[in-house]
Amino acid sequence: MAIDPLDLFILIVIIAGFAAYFSKGKLWAKDGEDVSAYGSGSRDLVETLNETGKKALVLFGSQTGTAEDYAHKFAKEFQSRFGVPTMCADLADYDYDNFDKIASEVSGFKMVFFFTATYGEGDPTDNALDFFDYLDNDCEDLSGLKFACFGLGNSTYEFYNATGKRTSKTLKSKNAKQIGELGLGDDGMATMDEDYLAWKDSMFAVLKNTLKLDEKELEYEPSMEVSENDTLTKESPEVALGEPDSRYVNINNDGTKAEFFDHTHPFLAPVVFSKELCPKRHCIHVELDLSNSNIKYLTGDHLAIWPSNPDSKVTKFVEALGLEDKKDHVIDIKSLDPTVRCEIPTPTTYAAVIRYYLEISGPVSRQFVKSVVQFSPDEETKQRVETISNDKSLFQKEITDKGFNVADALLSLSNGAKWNTLPFAFIIESIAHIQPRYYSISSSSLYDKEKVHATVMVEANDVPNTTRMTTGVCSNLIFDLEVKQNHVTDVKPYENYDLDGPRGKFSKFKLPVHVRRSTFKLPSNSNTPVIMVGPGTGVAPFRGFIRERVKQAENGDKGGKMILFYGCRRSTDDYLYKDEWPEYAKTLGGDLKIVTAFSRETAKKVYVQHKMLEHSKEIFDLLEKGAFFYVCGDASRMARDVQKALTSIIAKENNVSAEDAADIVKDLKVENRYQEDVW
Ligand SMILES: Cc1cc2nc3c(=O)[nH]c(=O)nc-3n(C[C@H](O)[C@H](O)[C@H](O)COP(=O)(O)OP(=O)(O)OC[C@H]3O[C@@H](n4cnc5c(N)ncnc54)[C@H](O)[C@@H]3O)c2cc1C
Ligand SMILES: NC(=O)c1ccc[n+]([C@@H]2O[C@H](COP(=O)([O-])OP(=O)(O)OC[C@H]3O[C@@H](n4cnc5c(N)ncnc54)[C@H](OP(=O)(O)O)[C@@H]3O)[C@@H](O)[C@H]2O)c1
Ligand SMILES: Cc1cc2nc3c(=O)[nH]c(=O)nc-3n(C[C@H](O)[C@H](O)[C@H](O)COP(=O)(O)O)c2cc1C
Ligand SMILES: *[C@@H]1O[C@H](CO)[C@@H](O)[C@H](O)[C@H]1NC(C)=O
Ligand SMILES: *[C@@H]1O[C@H](CO)[C@@H](O)[C@H](O)[C@H]1NC(C)=O
Ligand SMILES: *[C@@H]1O[C@H](CO)[C@@H](O)[C@H](O)[C@H]1NC(C)=O
Ligand SMILES: *[C@@H]1O[C@H](CO)[C@@H](O)[C@H](O)[C@H]1NC(C)=O
Ligand SMILES: *[C@@H]1O[C@H](CO)[C@@H](O)[C@H](O)[C@H]1NC(C)=O
Ligand SMILES: CC(=O)N[C@H]1CO[C@H](CO)[C@@H](O)[C@@H]1O
């Protein structure tokens, strides 16, 4: 239960948050920029389609932007290939009470496409919850509606592709007609992009036949316009230089105090303390002060940090596009399509867009490279781009295996020639926008009321057979901040950032954040024993749990037993919070037990699940006493292995079959006594 369907609410005054979420855009609609839906802010789907003359609809359920990205690209390509005006929208932006009228009331309506990702235990994304609620409870008959669906998932999770399948199955059960096959994209096998391309090609072939659509020569049709504005400079007060959204432009930091912060309007939280937890691998502990905001958190929630790009990546990107001389020019971004909104505050500058809004450093997709063929700066480059983007294995070898990002790939493909041929509107439309990163909060809201702690492992990996390295955007920002805040001189961060932010607003050491509510929670009764399994950074929320019980004990409330199974490579290298545990044990006495597994100190790997088996009887006895069981950390293998270990413990100690033990574990999950916070 990593992300529960209920946790779409950002932790704030709950009622206010509720109203704000469902009126997203309307409450704060200023100058039209922050309006989520079609210009008027209408949430009426049929009315919007009617008024904008759209004849097809692409809806996405997305948590971290992948489905959103595919949906936008699909909508654009569908529109330009078949000349069908198409609207692409977030599932949360519309009401569904007249969804069943689309086919009958929107004249000439073709069909609707869904792009839905899966989270938690096969759950839909936060923004898709209302839609599924409608489908399950209010929708009667969708006959006459044609649809297609592409589901996104990761096959390393237990409930792979669940949401895509649910979308397809439910719509069919309401008599909607599915066109083509259900598409499934798998992150786990790293084939998402290829899965999508294959599905898309077969979908277009089917569409040509079933919808009798005429195919046109594919060319780029901009849905926004970027124009330079020479009457303004980057000093002009109305120009956005990277403020998280337009409400920050022209507002002083202290002026934001009275405001309301949430997932669309992050709080600039001062980092009041930071430290290195493991110099050998770099894991950073940060403490942020939320006291000047309306944001409250509960132990077990997630902190979302909004990162920006490092200097080296910004410079390289500017160089690839040949924007060196005009990076600070002011640009206006205007939507040409009333159903497409640009979330980037405007007017702004090229450099601000690149540093603060575009995800420029991750891997580049074959689809993206395919789409730039038409903008190649010269004939030779065009040939090369065409060849490489049409050949899966060549693309893997020349681009993916080299750890290239967009700028690296473009410059390598063009042999260093500048891509000043790429329209900036195309860049904004084709490159994903930076999403906040989530961190399991490692403090306790009881112990650390106004402060929120996070435990951030720095992501930096060597690219095999090269001297290059790939670096994670957000974790390296935190690393850079820690080094500068503590004036560390003997360590060099992997990347350097503009920590002062636009107009110095992030100075000194502030980060835009919001809090996301989770259901990963201690039992309400403090006497209930808890068993926690959290190797690596998975220990983060358990530090919060333990601090919570420490505070309760200090208040005279003697709690139940706590066992933490913690694993890392070596006791001397990456044992996080090693010095803190004895302190907590002083207060909790025999009620806190830490069992460690060091994987690289012996010839044979020792993991947390091995240690669990050694403590089989103790775990079972605690479960019999009503203990809650928690797992946090790596989702791909660890969480599964731990579940297996628990199942075999129950089978052995309870003398039941493996099947019966698995059922008991399932029941524990249903009772919320087995909780996961995995990523
Ligand atoms: C619910 C939840 C809780 C979490 N809790 C924690 C926590 O407590 N602690 C924690 O440390 N993390 C946690 N995470 C993970 C965290 O959100 C981030 O994913 C993590 O910090 C990496 O983010 P980043 O921006 O640094 O890396 P990203 O920029 O997102 O990069 C991801 C990876 O891609 C690699 N990469 C970059 N460029 C390329 C390229 N061109 N080609 C190939 N690879 C590339 C990077 O090296 C990195 O390894 C949690 C995640 C979730 C969903
Ligand atoms: N730079 C790298 O090469 C590298 C390597 C691993 C992870 N990472 C990244 O580092 C991030 C943070 O890592 P982290 O600190 O949370 O974890 P971690 O350090 O990767 O792992 C914590 C401990 O869990 C062990 N482990 C590995 N597989 C396991 C399994 N199936 N079951 C139980 N335990 C297992 C590890 O052992 P062993 O590692 O000894 O097997 C280690 O002792 C992850 O997001 C990951 O992507 C990077
Ligand atoms: C915390 C977390 C939980 C996930 N749970 C599942 C799951 O239960 N089943 C699945 O198929 N995929 C799961 N995934 C994988 C996502 O569905 C997949 O990465 C998808 O591409 C994300 O799309 P988005 O970026 O549009 O949100 C999970 C991913 C994360 C980060
Ligand atoms: C949409 O237009 C059709 C006719 O073109 C009309 O019958 C219908 O009422 C309109 N629906 C909405 C919600 O505007
Ligand atoms: C999917 O699972 C794999 C494990 O095979 C993991 O390494 C990867 O990070 C996951 N992908 C995403 C995007 O979560
Ligand atoms: C430039 O911006 C100013 C202020 O927003 C605006 O009045 C003017 O019309 C813009 N000029 C151009 C050429 O877009
Ligand atoms: C790295 O190079 C070695 C030998 O030069 C080769 O065997 C190996 O497959 C290469 N690894 C990658 C990931 O390309
Ligand atoms: C376990 O159960 C089996 C039958 O279900 C029984 O034959 C066996 O004696 C039991 N063992 C113990 C130790 O209780
Ligand atoms: C195509 C594919 O891999 N489908 C899988 C989707 O997930 C279910 C389990 O939820 C599997 O049984 C299917 O094989």
Side-chain angles (χ1 to χ4, degrees), residues 2-4 7 31 42 44-51 53 63-65 97-98 101-102 104-109 119-120 190 225 227-233 236-239 277 282-286 301-310 313 330-332 334 346-347 359-365 399-409 434-442 453-463 468-479 494-495 516 518 520 534 536-544 576 632-635 676-679:
I3 292 181
D4 185 272
D7 72 358
D31 311 333
S42 167
D44 185 327
L45 199 50
V46 176
E47 183 187 290
T48 305
L49 291 166
N50 259 355
E51 289 181 5
Q63 199 82 24
T64 57
D97 40 3
N98 60 5
K101 304 267 175 1
I102 291 185
S104 56
E105 288 194 10
V106 179
S107 79
F109 189 77
Y119 274 83
E225 181 184 74
S227 52
E228 294 190 11
N229 187 328
D230 296 330
T231 58
L232 298 171
T233 71
S236 312
E238 67 266 51
V239 175
L277 293 175
H282 301 306
C283 182
I284 312 296
H285 172 84
V286 281
D301 286 341
H302 297 138
L303 179 72
I305 301 181
W306 298 43
S308 52
N309 289 310
K313 301 279 162 48
V330 174
I331 51 175
D332 284 319
K334 213 170 71 203
T346 179
E359 186 74 62
I360 57 174
S361 84
V364 48
S365 70
I399 308 286
T400 311
D401 287 350
K402 293 184 176 165
F404 280 170
N405 59 35
V406 169
D408 299 329
I434 296 188
Q435 301 289 328
R437 272 42 171 192
Y438 291 99
Y439 295 92
S440 300
I441 291 176
S442 55
H453 301 183
T455 309
V456 180
M457 186 62 81
V458 177
E459 293 277 348
N461 300 303
D462 292 324
V463 180
R468 310 178 63 256
M469 187 174 229
T470 60
T471 52
V473 177
C474 192
S475 56
N476 281 283
L477 164 65
I478 309 286
F479 186 22
Y494 299 114
E495 300 283 358
R516 183 166 189 275
S518 94
F520 196 73
T537 44
V539 77
F542 301 134
R543 178 178 179 270
L576 304 179
C632 179
D634 169 61
E676 286 184 334
D677 181 22
V678 295
W679 59 84

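Whatever order the structure lists them in is the order used to number ligands and atoms, beginning at 1.
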Taking all non-hydrogen atoms of both residues into account, name the closest pair between [X] and [Y] and its distance.
X	Y	result
D401	V463	O-CG1, 3.3 Å
S475	Y439	N-OH, 4.0 Å
C632	S440	SG-OG, 4.3 Å

Where on [X] is there a heavy atom closer than 4.0 Å to ligand 1, on the side chain, on the backbone, on both, or on neither?
X	value
T471	backbone
A454	neither
T455	backbone

Exercise. For the atom pair OG (S227) and NZ (K334), what is the distance rounded to the nearest 0.5 Å?
Worked result: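 Rounded to the nearest 0.5 Å, the OG-NZ separation comes to 6.5 Å.
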Problem set entry | Protein residues having a heavy atom less than 4.0 Å from any atom of ligand 6 |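 Contacting ligand 6 under 4.0 Å are N229, T231, L232, D332.
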Backbone or side chain, does any N or O of [X] fall under 3.5 Å from an N or O of ligand 1?
X	value
S475	yes
R437	yes
C474	yes

Can a donor-acceptor pair be found between the side chains of [X] and [Y] at a distance below 3.5 Å?
X	Y	value
N405	S361	no
E495	T471	yes
T537	T455	no
D44	S42	no

Problem set entry | Contact check: S107 vs ligand 4, nitrogen or oxygen atoms, below 3.5 angstrom |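 So ligand 4 has no N or O lying under 3.5 Å from an N or O of S107.
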Enumerated ligand 1 atoms positioned under 4.0 Å from heavy atoms of [X]:
X	answer
N461	47 (O), 49 (O)
V473	24 (P), 25 (O), 26 (O), 27 (O), 28 (P), 29 (O)
V456	11 (O)
H302	1 (C)
T537	9 (N), 11 (O)
M457	11 (O)

Exercise. Got a sec, which residues hit salt bridge (Lys or Arg N to Asp or Glu O under 4.0 Å) with D408, two or more places apart in sequence or on another chain?
Worked result: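 D408 satisfies salt bridge (Lys or Arg N to Asp or Glu O under 4.0 Å) with K316, R468 only.
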Problem set entry | Residues in salt bridge (Lys or Arg N to Asp or Glu O under 4.0 Å) contact with E228, at least two apart in sequence or another chain |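 E228: salt bridge (Lys or Arg N to Asp or Glu O under 4.0 Å) contacts with K326.
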For this session: Measure the distances from the heavy atoms of G403 to every atom of ligand 1 and state whether one is below 4.0 angstrom.
Result: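 The answer is yes: ligand 1 sits under 4.0 Å from a heavy atom of G403.
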For this session: Let me see the working for Y494 and V458 under side-chain contact (heavy atoms from CB on, under 4.5 Å), right down to the final yes or no.
Result: CA-CA 9 Å; Y494 299 114; V458 177; 4.0 Å; yes
Best match, [options]: closest heavy atom to [atom]:
atom	options	answer
atom 18 (C) of ligand 1	F520, Y119, F404, Y439	Y439
atom 17 (O) of ligand 1	W679, F479, Y494, Y438	Y438
atom 39 (C) of ligand 1	T470, D462, I284	T470

For this session: Output all residues satisfying ring pair (Phe, Tyr, Trp, His ring centres under 6.0 Å) with H453, sequence neighbours left out; order by chain, then residue number.
Result: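 For H453, the residues satisfying ring pair (Phe, Tyr, Trp, His ring centres under 6.0 Å) (neighbours in sequence not counted) are H285.
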For this session: Using a strict cut-off of 4.0 Å, indicate which atoms of ligand 4 neighbour a heavy atom of N50.
Result: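 This gives 1 (C), 2 (O), 3 (C), 8 (C), 10 (C), 11 (N), 12 (C), 14 (O) as the contact atoms.
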For this session: Take T64 and Y119, measure what side-chain contact (heavy atoms from CB on, under 4.5 Å) needs, and give me the verdict at the end.
Result: CA-CA 10 Å; T64 57; Y119 274 83; 3.4 Å; yes
